[in-house]
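Start at 1 with the first residue, then count along the sequence. Here the structure is a predicted model, which means the values were calculated and not measured. Keep in mind that the numbers below use all heavy atoms, side chains included, and drop hydrogens, waters and symmetry copies.
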Amino acid sequence: MNLVTHLKSFIVRLRTFTIRNIMKINFRPYKKTTIVFESFGGRQVSDSPYAVYKKLRDNLNVSCVWSIKLNQRQFCEQHKIPYVIRRSFKWAVTMQKARVWVINTRLPKWVRKPDHVLYIQTWHGTPLKRLGLDIKEVLMPNTTTDMYHANFVRETHRWDALVTANDYSTDIFRKAFDFHGKFLELGYPRNDKLINATQSDVITLKKQLGIPTDKRVVMYAPTYRDNNFESKGKYLFQMPFSIDRLLEKMDDNTVLILRMHYLIVDQLDLSKYRGRVFDFSQYHDISDLYLVSDLLITDYSSVFFDYAYLKRPIVFFPYDYHEYKDELRGFYLNYNKDLPGEIAWDEEQLYKLVTKAFDEKLINSTRMDNFYQRFCSIHTGTSSQEIANYILKQL
C-alpha cells in the first residue's frame, strides 16, 4: 500500500469518526420544522417517501430536504429538490436538527435518533418472503443470525410510526419487527399513482420513457438472493432465462423492460437488443414502470403486491424455488395457492405462459379478485395526503 492509498484511507476513517461524533451532539432542532426524506439508503429519490414529499414540499410551514448519495445530485438539481449528501458533515448535522425523518429502509445503527425527531418508516413492500426476526438463519455477508436480529430490532425500536398496506402486513411486521408503535394502515403512498392514473397518463409515461406508445410491455422484476453477494449491501444476479428466446416467443409488437432490485450491482449489456429491451433498474419511480407494463414477470419480489392494484396478468418464475423456500428465506403465503397469477416452474413453461399472457383465460378472475380484496382494497388513493396530514398534526 503506497503513501497516497494510506492517506486516502486515513481521510476516510477520520471523516467517518467525525461524522459519528457529530451524531452524538445534542443539537436543538431548526427553528423552521425540517423534514428529511430518504429512499433506499439514498440510492434513489423515489418510493413512498417521494410521494409524501410531493404533498409537503409546498407547505410554507416546513422545510423539506432529501438525504441522497452523490450520484443522485444531478437528479435533485434538475428537479429543484433540496438535498444533503449522505454521510457528509452537513448531512450529520441536518439529521440531528431535523424534526421528522421519512425513510423506507433501515438506517445505520450508529445514526442517533434525537428525542425531538419523529421517525416515520414507510417500509417498501408487502412481505412474501420472511423478514427480520422471522429469518431463522441469516446468510447475508458480515453478520450472524444473532447480530442481524439484534441490529434489526435496535432499528425498529427507533420508529415512531410504520406504514402498512393491509392488516396482513401489520400482523407480520408487529412480530417480525418486534414493533409496538403506531401503525398507519393506509396503503403505501407510492401506490396512489396506480389507483389515480388514467390511460392518458400511461401514454405520456411511455413517451417520457422512450417506449413506443403502440407496443405492449412485459416487465421482469426479480429480487436478490441473500447468499449471492459481492460485498455487504451489493448482490449478484444472473439472468435465469434467455432474453433471446423470450424475444423470439413474443411478437414484434411487444418489448421487454428490466427492473432489477436496488441491491443488485450487475450491469447487463443490452446493446444488441436496442429498441426491444430497456433497462430501467435505476429509474426513480417503479410505479411508472407498473403503469406502462401489460404483464409482470417476477419471482419472490414484493412488486407483485403493488402490481396487483392494476389487475393485469402476472407470471411467476421461481427458478430456484426449493433453495429459496427451504434454505434462504421461506414464505408467509402459500406460494403454490395464494399468488394472483400463473407459475412457470421451468424456462420452457415461462415462454409458454408469456405468449399466452394476453389471453384473458390466463387471468383467473376469482384468484385475482380474492387477492385484491385481501391485500389492496383498503387503499383509496389518498395515502400520501393522509400521511402528510398525520405528520403535520404531530408537529
Side-chain angles (χ1 to χ4, degrees), residues 26-40 42 44-68 76 79-84 86 90-107 111-125 155-167 169-170 173-174 177 179-197 284-285 287 378-395:
N26 290 316
F27 291 100
R28 290 184 178 182
Y30 292 113
K31 288 184 178 180
K32 185 172 184 179
T33 298
T34 298
I35 305 174
V36 174
F37 298 84
E38 185 180 282
S39 184
F40 300 116
Q44 297 176 9
V45 176
S46 66
D47 206 67
S48 292
Y50 187 55
V52 177
Y53 162 77
K54 289 191 289 186
K55 297 297 182 182
L56 290 169
R57 62 186 172 187
D58 296 326
N59 188 305
L60 298 179
N61 296 316
V62 301
S63 176
C64 297
V65 60
W66 273 83
S67 163
I68 62 166
C76 286
H79 294 83
K80 298 181 179 179
I81 298 172
Y83 67 88
V84 288
R86 203 171 190 265
K90 184 177 180 180
W91 170 82
V93 173
T94 301
M95 290 292 287
Q96 295 300 295
K97 290 174 70 66
R99 179 67 180 81
V100 183
W101 298 344
V102 181
I103 295 173
N104 74 344
T105 53
R106 292 181 291 152
L107 287 168
V111 174
R112 188 180 70 89
K113 175 183 175 288
D115 292 339
H116 60 256
V117 166
L118 174 70
Y119 188 169
I120 306 293
Q121 173 59 244
T122 69
W123 202 241
H124 50 272
E155 166 68 3
T156 61
H157 285 183
R158 298 192 289 184
W159 302 345
D160 295 297
L162 173 60
V163 179
T164 68
N166 39 59
D167 56 5
S169 298
T170 300
F173 290 159
R174 182 178 285 113
F177 293 169
F179 180 72
H180 305 284
K182 175 72 172 179
F183 282 99
L184 301 175
E185 194 175 291
L186 300 167
Y188 288 123
R190 68 186 184 192
N191 289 333
D192 287 350
K193 182 182 291 189
L194 303 182
I195 296 169
N196 299 323
H284 75 284
D285 191 347
S287 296
I378 70 164
H379 198 150
T380 61
T382 60
S383 177
S384 304
Q385 189 61 62
E386 290 181 74
I387 292 170
N389 292 343
Y390 174 81
I391 291 171
L392 295 173
K393 287 178 182 177
Q394 307 309 306
L395 300 178

Is a side-chain donor or acceptor of [X] paired with a backbone partner of [Y] at a separation under 3.5 angstrom?
X: R99; Y: I35; answer: no
X: H180; Y: H157; answer: no
X: S39; Y: P49; answer: no
X: Q394; Y: Y390; answer: yes
X: N104; Y: H124; answer: no

Which atoms form the tightest heavy-atom contact between [X] and [Y], and what is the distance?
X: T105; Y: E155; result: O-OE2, 4.3 Å
X: A98; Y: V117; result: O-CG2, 3.4 Å
X: P189; Y: S48; result: CD-OG, 3.3 Å
X: G381; Y: N196; result: O-ND2, 3.1 Å
X: N61; Y: N59; result: N-OD1, 2.8 Å
X: Q96; Y: H116; result: O-NE2, 2.8 Å

First locate atom [atom1] of [X], then atom [atom2] of [Y], and finally report the distance between them rounded to the nearest 0.5 Å.
X: H284; Y: H79; atom1: NE2; atom2: NE2; value: 6.0 Å
X: I68; Y: I81; atom1: CD1; atom2: CD1; value: 8.5 Å
X: N191; Y: H379; atom1: CG; atom2: NE2; value: 6.0 Å
X: I387; Y: L392; atom1: CD1; atom2: CG; value: 12.0 Å
X: Y188; Y: T164; atom1: OH; atom2: OG1; value: 6.5 Å
X: N166; Y: L186; atom1: CG; atom2: CG; value: 11.5 Å

Practice task
For the pair F179 and F183, name the ring-plane relationship: parallel under 30°, tilted 30 to 60°, perpendicular over 60°.
Solution key: perpendicular
Handout entry: Parallel, tilted or perpendicular, as decided by the 30° and 60° cut-offs, for the rings of F177 and W123
Key = perpendicular
Problem - Option among W91, Y83, F37 that satisfies the ring pair (Phe, Tyr, Trp, His ring centres under 6.0 Å) test with W66 - result: F37
Problem - Between T170 and D167, a side-chain donor and acceptor under 3.5 Å - result: no
Exercise for the section: Run the numbers on L395 and V62 for side chain to side chain contact (heavy atoms under 4.5 Å, CB included), then give the verdict. Expected result: CA-CA 10 Å; L395 300 178; V62 301; 4.0 Å; yes
Fill in the blank from the handout: Exactly one of L118, T34, V111 clears side chain to side chain contact (heavy atoms under 4.5 Å, CB included) with W101, and that residue is V111
Fill in the blank from the handout: Of L107, V102, V36, the one forming a side chain to side chain contact (heavy atoms under 4.5 Å, CB included) with Y119 is L107
Between [Y] and [X], is there a side-chain heavy-atom distance shorter than 4.5 Å?
X: F27; Y: P114; value: no
X: I391; Y: V52; value: yes
X: C76; Y: V45; value: yes

Handout entry: Sequence-distant partners of K113, salt bridge (Lys or Arg N to Asp or Glu O under 4.0 Å), two or more places apart
Key = D160
Problem - All pairs passing salt bridge (charged side-chain N to carboxylate O under 4.0 Å, His left out) where residues 29-39 contributes a residue, at least two apart - result: E38-R86
Problem - salt bridge (charged side-chain N to carboxylate O under 4.0 Å, His left out) partners of residues 181-195, not counting sequence neighbours, each pair once - result: D47-R190, R190-D306, K193-D285, K193-D288
Practice task
Using the side chain to side chain contact (heavy atoms under 4.5 Å, CB included) rule, take V93 and Y30 through it: C-alpha gap first, then chi angles, then the decisive distance, then the call.
Solution key: CA-CA 10 Å; V93 173; Y30 292 113; 4.2 Å; yes
Exercise for the section: Evaluate the criterion side chain to side chain contact (heavy atoms under 4.5 Å, CB included) for residue pair L162 and R174; output intermediate values, then yes/no. Expected result: CA-CA 10 Å; L162 173 60; R174 182 178 285 113; over 6 Å; no
